[in-house]
Amino acid sequence: MKINTKVLHGYEITDKTTGSSSVPIYQASTFHQHDLDSHSGPIYSRFSNPSRSGLCEAICAIEEAQYAEIFASGMAAISASLLQFKQGDHIVACRNIYGGTFQLMTEMLPAYGIEVSFVDATDPHNYLAAIKENTKAFYVETPSNPTLQITDLQGVISIAKKHNVLTICDNTFMTPLLSNVIALGVDISINSATKFINGHSDVVLGTLATNSASLAAKIHKIAVVLGGIAAPFDCWLTMRGLKSMAMRVKQASDNARQIAEFLACHPKVKQVFYPGLAGHAGHKIHMAQSKNGGMIISFDLGSYQNVTKFLQALKIPLVAVSLGGIESIISYPAKMSHACVSPKERLEQGVTEGLLRYSVGCEDAEDLIEDLKAALTVI
Ligand SMILES: *Cc1c(COP(=O)(O)O)cnc(C)c1O
């Protein structure tokens, strides 16, 4: 089954009992038990809910995975994946990591005796060099936020397998449609479905997928006991959003390529980061593990003064945190996603005062480029 068909028919899109054209919002906390001895349906919505189960099936289809779990946010999915570890365990993670995950790893996990080392993920050997006797997992994100550095997934996975270490991948930027990380061999794939999977900037939700029955059981127990599960309405909205995901991803990544090419040639743009450009570091590795360069571009305008003038003049994108909406969203990492990082660490991560991150939406590329062109004239 090809991808446009799969996002619509790779799972049960109708309600199993009535045949309704969407899996309904089962807005219930508990379920009547006709027979105490032989009850087989859902029991209580923290354990399972038919709206959430429907979305689980959809996520399994697009991830090509056997098991999925749905959480109240991307961070809840990430937390669940890391709370399977225990006191004395060690994790190796990429240095340029999502801010919330960085806080979890540096401010929360140490209190539970779980230790994290951060490495430059552009060379898989840095993961190898960081392995200790108690290393239990490699945590990766590629391309990284916001400078879109590339990790060689196959390189990291083969080191992990050799050393009996789990791999966990936050695949929010590429999505399972552009990079099937489960097929590449990661043990756990995580997505903030808040972004491209739901795609309409109206839900916060997280997904986790795996092919391992024992990992799935562990994660399910954590979801049920810690309780960070997603609400039925949010699951319904996400299933609705997912149905147009293949079309959105195609249009947005097509737009992004054209915009990246435009920015790369513009004299007022100091630097462009887009893994689909041949000059981008890691371009070849990225293209071997992904279908295209994705929907996200970062570019440097040289100074904060240029950034503020440019944003005032820009008409189409939302100026906001987050990404992955059907509409374009532009962010200023130094004051948004990386505000809690120290200025020194920010610069080391390439988050300069002129850097902007553009999450390209599904508008017409011509309009987006005209808008950028006009706003660049004011700096
Ligand atoms: C947004 C984001 C998250 C966190 O997801 P929430 O749904 O906001 O909890 C994690 N990782 C990446 C790469 C993200 O972009």
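Order of listing sets the numbers, starting from 1, for every ligand and every atom in it.
Heavy atoms of N145 stay at 4.0 angstrom or farther from ligand 1. Contact analysis leaves I190 out of contact with ligand 1, as no non-hydrogen atom separation drops below 4.0 angstrom.
K335 forms a cation-pi arrangement with Y304, by the criterion of a distance under 6.0 Å to the ring centre and an angle within 45° of the ring axis.
Atoms of ligand 1 lying under 4.0 Å from any heavy atom of K195, numbered from 1 in the order shown and given with element: 1 (C), 2 (C), 3 (C), 14 (C), 15 (O). Close approach to I78 involves these atoms of ligand 1, each under 4.0 Å from a residue heavy atom: 10 (C). Within the listing of ligand 1, atoms 10 (C), 11 (N), 12 (C), 13 (C) sit less than 4.0 angstrom from a heavy atom of D170.
Taking only nitrogen or oxygen atoms, main chain and side chain alike, G74 reaches within less than 3.5 Å of ligand 1. Taking any N or O of E141, backbone or side chain, none lies under 3.5 Å from an N or O belonging to ligand 1.
Counting non-hydrogen atoms of neighbouring residues, nucleotides and ligands closer than 6.0 angstrom, the NZ atom of K270 reaches no more than 12 such neighbours. Residue Q305 places its CD atom among 12 or fewer non-hydrogen atoms of other residues, nucleotides or ligands, all under 6.0 Å distant. The local environment of CG in D35 is crowded, with over 12 non-hydrogen atoms from other residues, nucleotides or ligands closer than 6.0 Å. Shown here is M247, whose CE atom has no more than 12 heavy atoms of other residues, nucleotides or ligands within 6.0 Å.
Annotation: atom 7 (O) of ligand 1 to nearest protein heavy atom, T194 OG1, 2.7 Å. If you check which protein heavy atom lies closest to atom 9 (O) of ligand 1, you get M75 N, 2.8 Å. If you check which protein heavy atom lies closest to atom 5 (O) of ligand 1, you get S192 OG, 3.0 Å.
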I'd like to know whether E12 forms a salt bridge (Lys or Arg N to Asp or Glu O under 4.0 Å) with K16, so could you lay out the CA-CA distance, the side-chain angles of the two residues, the decisive distance to 0.1 Å, and finally the verdict. CA-CA 8 Å; E12 194 65 67; K16 282 169 184 152; 5.8 Å; no
Go through the steps to decide whether Q103 and M108 satisfy the test side-chain contact (heavy atoms from CB on, under 4.5 Å), and finish with yes or no. CA-CA 7 Å; Q103 274 186 298; M108 312 259 165; over 6 Å; no
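Aromatic rings from F173 and F196 are positioned such that their centres are separated by 6.0 Å or more.
Looking at T101 against ligand 1, nothing comes within 4.0 Å, counting heavy atoms.
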